[in-house]
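All remarks here apply to the structure that follows.
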Amino acid sequence: MSNPLVDMEKPDVIFCIGTNMTECHPVAATRLKRAIAKGAKLIVADPRRIDLAEMADLYLPLTVGTDVALLLGMAHVIQREGLVDQSFVENRTRDAEDFFKHLGEFTPKWAQSICGVPAEDIEKAALWYGQGQPSAIYYTLGITEHICGVDNVKSLCNLALMTGNIGKEGSGINPMRGQNNVQGCGDAGGLPNNYPGFQAVTKPEHQEKFEKHYGRDIDLENGITKVTAFDQCGDGIRAMLIDGENTVVSDPDRNHCQHALESLDHLVVIDLFMNETTELADVVFPATSWAETDGVCTNTERRVQRLRAAVPPVGEAKPDWWIISQIAQRMNIPGFEFSSAKEVFNELCSLSPLYQGLDWDLIDKGEYQWPVPYKGHPGTPTLHQEKFENGRGIFTKVVYRDPAETISEDFPIWLTTGRRLQSYHTHTQTGRSAGIDYLLPGESLEIHPEDVMSLGLKDGDWCLLSSQRGSVKIRVEATARSPKGTVFSSFSFSDVPVNVLTGSGYDPVTQTAELKVCPVRIEPVKS
Amino acid sequence: MRSLTDDEILESLRGEPAPLLPILHAFHDRDGYLSPEALKVISKGLRIPIADLYGTIDFYHHFSTGEGGHHQARVCTGPICCLKEGNQILEALRSQGATPMPCAGRCDDPVVVLKGNQALLGTSAENLQPRRSPLPPEAPTLEGFEECVFAHIRSPERSQFAGYRSTGGYNALEKACSQLSQEDLLSQVEASGLAGRGGAGFPTGSKWRAVFNAPGDPKSIVCNADEGEPGCFKDRALLDHDPHAVIEGMALAAYATGAERGFIYLRYEYPETYAILEQAINDAESNGFLGENILGKFNFKLYLRRGAGAYICGEEGSLLNSLEGKHPFPRNRPPFPVTHGFEDLPTVVNNVETLASVPPIVLKGADWYQCLGHDQNAGTKVISLSGDVNKPGNYEIPIGFPLMHLIQDWAGGTPSGKRVQAVTMAGLSGGFLAGEDLDVTLDEPCIRSKGSFLGAGGIMVFDETRDMVEIAHQAMEFFAEESCGKCFPCRIGTRRLSERLGGHAGPGELTQWLNEVEALGQTMKATSSCGLGIAAPLISDSLVKYFPEQVENHVKS
Amino acid sequence: MTPPTHLQNKQSDPDSKPQGQETLTLTLDGEEVTFFAGETIYEVAERHRKEVPTLCYDPRLEPFGACRLCVVELEGARNPVASCTTQAQPGMSIKTKTPAIEEHRKVLLEMVVSENDGIEVDPLRGYASQELSTLVDRYGADTGRFQGAQSGCSKFEDDNPFILRDYNKCISCYRCVRVCAEQEGDYAISIKGRGFETQITTEFDGLLKDSACTFCGQCVQTCPTGALADRKALRAEGQDGELQKTRTICTYCGVGCSVDLVTQEDRLVAVQPAMDGPANEGALCVKGQFAFDFVQNPDRLKKPLIRREDGELHEAEWEEALQRAADGFLKALDEHGRHSVYAIASGRAPSEAAYTLQKWIRSGFGTNYIDNCSRA
């Protein structure tokens, strides 16, 4: 997030797109609700009539995968109506002229023809966003899990740059992180293109720094992404260490995924429970869980916070860092003589410019949001206040592209996937917590009531849901939360492995999977 | 006539300010109750959380959630209707679903029964008939005194627009608009010494000036016509028989303060009054005394809003919350309505009688009004007199007039000539006066010196045959049932006092009984958040003070 | 268990002040003290370490003024004023603890005791559950005076697994109603009836699961009497061991809510929100509040597993498993080169896990062959 969570209570206008925040980030959503109670206007763009849409002052029900069209239409109106923040554009951005010329043809009428949102509502959304003092954007995986995920994000950046809604209180472009430490995982260097602290591996000075610290040569090229790695399993990739991820269920195209892992010579998995992924491993290590582990995690607003063990580990479970270090020691790799999480974290701080001013003891109360470039620095709740990291904010001439697969005679319905409030991810944790099944006993497919009828189904029936990659059996839930022609399910339940169906395409830059769009067919089936 | 659809009701009212109550009434009238489906439609249409809406309608007496509930009889079991045949009528009608209701403001003409939107009167279940509410009795002549608000009320057709005009109506507004600046009008009302006639007695001119000075628009004028105090029925008389006087008073208030919208918040139990006011507002608007560009000077849109049966809504904070569609708890003060009233904007909240006093003051001058009072007192006060008197009714008296003079000479004394045992003050809120303390003059300083207060001017008379403990118990039960439940001392204290006065709980030993009643009363008076909890213990305190023997017998038995 | 922090140690340094605000003065118990524009009398008194009792106050919520325990004497006012709803003004003279005020507080508490069937409750019921009993003890208010009808009616038929609705212990402070609206924005809880008959309710007086309730548990944690109670925590009622709290961060989404883990000996028995958590300021959701017992679920892996000749995974000792893991990677390195090994870091594990894993890949193989699950 460019701005801190407390800022969520400060905007005039809040634009939520591709985020089901009340279910996926409920506590962040409480701040948003407080902003609304104080009079902020809420615009929600989402294919589904989610709870946030019910709270909205303006709801934009766009067709799945058409965010770029909607956002181009809005940018067009902002320019046409003279809502561009000229001094911000002049002083803080570049490539504006090209971009503004590019916008000319993308009228709201054009956008309507693609995204299905009435042109007058696109106009209204653009006016509100453009006039808000300030306006803020919030998004989640509904923006990124597309083949055009990067284009979607850049389209949002364009809106914020045009209107100067970045770098000031209550504004910003704010992605909500889905997992408790997905931010920290990236911060710590768990990426093929960055060393810890987002230091690009392709820069020789970074390479030199880490070669010196780690005592060996390291590639100057980016590593391959996980998606590519899975494609190469059994071929180029022969051994894999997976830490705490039920890849088989949570990743797209389950059959491909399972096949990839099966073709490895050596698979080591660290996890809490047996699951579909550990089943394929050669060695499984029991990790200590949350509540048994000391450590650090970083939240969506870049706040670096301490985890503390409250109970002893079950059985012989060990912390992940200890397990990895022990493997490293047995491979005679130097530098793994860690005796505590504190030592590991302090080494990370010493190597990351973002954490340079932090150490284990300083973050005891969770007061710091990175970057904290030196000891005594107060942290950085809001990014880009004076300037952008790379100098100027760059406008990008984004164009609309269809999803990887579009609906056809064989697969005439859009499937989109996501999470539900009561369940988390592949349900390995929430599913083992008493009472959750009272609220969410199983998975179902949300279908608009009229579609349910025309498919010859009834609420509560079973149906067979198929894509080019496979089929799953799932129960029907008739609900107007889903628009006509689009259905929804989560991927939480292993008995309804929805990710058997997904995986139609990947963003060319990030290789993030298009989990939010998948053409499917629905057929009645006897239970 | 085809009844309106859900959407038609919502669409017709959603654009108005304070839409919840009229929408609820429209569904209630159409369906005969508020169905769960109706509540869901309203919740969605007005974006009020369904749980809040469900809880809030339950707060009011008269919204039924059972099918047909709106048309079932509600029988007044207020203190006066109880003295007559209220309980017997209730028992007779119970098999048809009748339920009791607290004092419905017809103490000069008991017993009143509400059925749907009709008030029926009678002394038995068989002879219930609708009839117009009584006019104030003709006042005896009194040297140097003339009536202010009742001066023209007995003129035929005064309640109609034409009749009002022909007896000098709207002349004050015309005078103000042609001759007086806002400042002139504010000064005149200040100089008159007019003070709030709903009971609190706050100087009206100061209140108006505060709203005039307060930042924020639009400003509002709210007429508090939620006359819920048992034994008070003066506002009903004014609104039934002289509605334009109140409307003219509101228009003058709007002109003086710069308010653009007004509300009359009328209690549910006056359905006929509602119809009269609806007509009067329409007539005033079509004749240019309300609405846009009034007399070329100002805009003032007046809305009529009907309560749904809750005594606490007479408290101005509760009233404003009720208007806004919120749970009708009182508000914390400060801030006061003059700066943070309706929708947190500057708002005048005035009583009916206060507003009706303004046109005569504008026409005849501040000095004239000042001199109406008895001795050193300014102005007049309408007293609603009821109970054991020969001629119950509304009497406009010069402030400072002796109580017993009113009872004996104006109202003809007790029916059988029995001794007056006690009177209540301020309806029930002032507790009892008895014995030597009946020898008071009707002005706040004198009555406050006896530990009571005049308030809205409801006085109920009880002769020597009445069981004062029972009357006190009924009074406390009323407060317990009407306590809103927000603050602890009132919510718990009124229940505990009622239990002790009714003999349902509490110590059986006199000293302990008295200690508990006193401790409860002291803490209620000191810590309650609004007037209800502060006033309620005056009932038990004055009972113990004047009738120690009746109390002792009660505790022993 | 330690009492709620806002009863116990909320008092910050009385001399610390928000930057850039004008310092004003008033007289508090005979002493001239400073305050800041916009503060209530209660806040000023708290900051100056006066023990002003209250039951309806939650620092996260708008002041409400229901319990009246916080009344103080204000010079010039006819009656005591509720300090929580009264703004401090320059020149005010306030007494927080006169004999008369203390007597009213005791009477108020005696009234509250009289409306309930008992006030001692297990601290497992919730974060604030000891507030009433603590105050009643302090004022010696369990005297048996003012007996009469009981208020509130428990809704035991609501058999949801999370929230016990024991309204027999309700004192109508409306903290649950207010926290649901103001803090959580769900508006699931409301008030039915009035006066002594007031009842906490939901839409159409139904079950929580049929209402707008999201089971975030905020109502439970703010309830000062334990009338709303944490049913999962109460599974540990009567078991041996002191209750202890450990501060950590919720394990679910990326918001990073601070929580206190409540443990009894080696058992994790409940989660409570950290009222001073920087990201959540006391708020939680159903997962953070209630979905914790996977930690000690019997399904947990307790020993390393190795796939043996029979093709099945078998429990093994650590040394053997670690060696087997290391050998497998060395073999791949040896036979297929350093670009044959890949690592996937977890967005669910602490940063130390990701750090060591990337170091293992980079310093062990000299590649950047690592990614994490954020791509899914």
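Any value given below was found using the heavy atoms of this structure, including those in side chains, with hydrogens, waters and symmetry copies removed.
- Qualifying ring-ring contact (aromatic ring centres under 6.0 Å, His included) partners for A:Phe338, counting only residues two or more places apart in sequence or in other chains: none.
- Side chains of A:Thr430 and C:Tyr252 form a contact here, defined as non-hydrogen atoms less than 4.5 Å apart.
- The residues C:Glu281 and A:Arg31 are annotated as salt-bridged, a charged nitrogen and a carboxylate oxygen being separated by less than 4.0 angstrom.
- With sequence neighbours left out, the ring-ring contact (aromatic ring centres under 6.0 Å, His included) criterion links C:Phe294 to no other residue.
- Within the 6.0 Å centre-distance limit, the rings of C:Trp318 and A:Phe285 are counted as a close aromatic pair.
- Heavy-atom pairs under 4.5 Å with chain A peak, among C:Gly328, C:Ala291, C:Ala181, C:Ser340, at C:Ser340.
- In summary, the side chains of C:Thr367 and A:Asp219 do not present any donor paired with an acceptor at a separation below 3.5 Å, with no hydrogens or angles considered.
- A:Asn181 and C:Ser351 share a donor-acceptor pair across their side chains, judged by distance under 3.5 Å alone.
- Using a 4.0 Å cut-off between charged side-chain N and carboxylate O, C:Lys331 and A:Asp265 make no salt bridge.
- Side chains of C:Thr248 and A:Arg306: a donor-acceptor N/O pair is absent below 3.5 angstrom, by distance only.
- Per-residue heavy-atom pair counts under 4.5 Å with chain A were compared for C:Cys257, C:Ala345, C:Ala325, and the maximum is reached by C:Ala325.
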### Evaluation steps, side-chain hydrogen bond (donor to acceptor under 3.5 Å, both in side chains), between A:Ser433 and C:Asp293
CA-CA 5 Å; A:Ser433 294; C:Asp293 32 4; 3.2 Å; yes
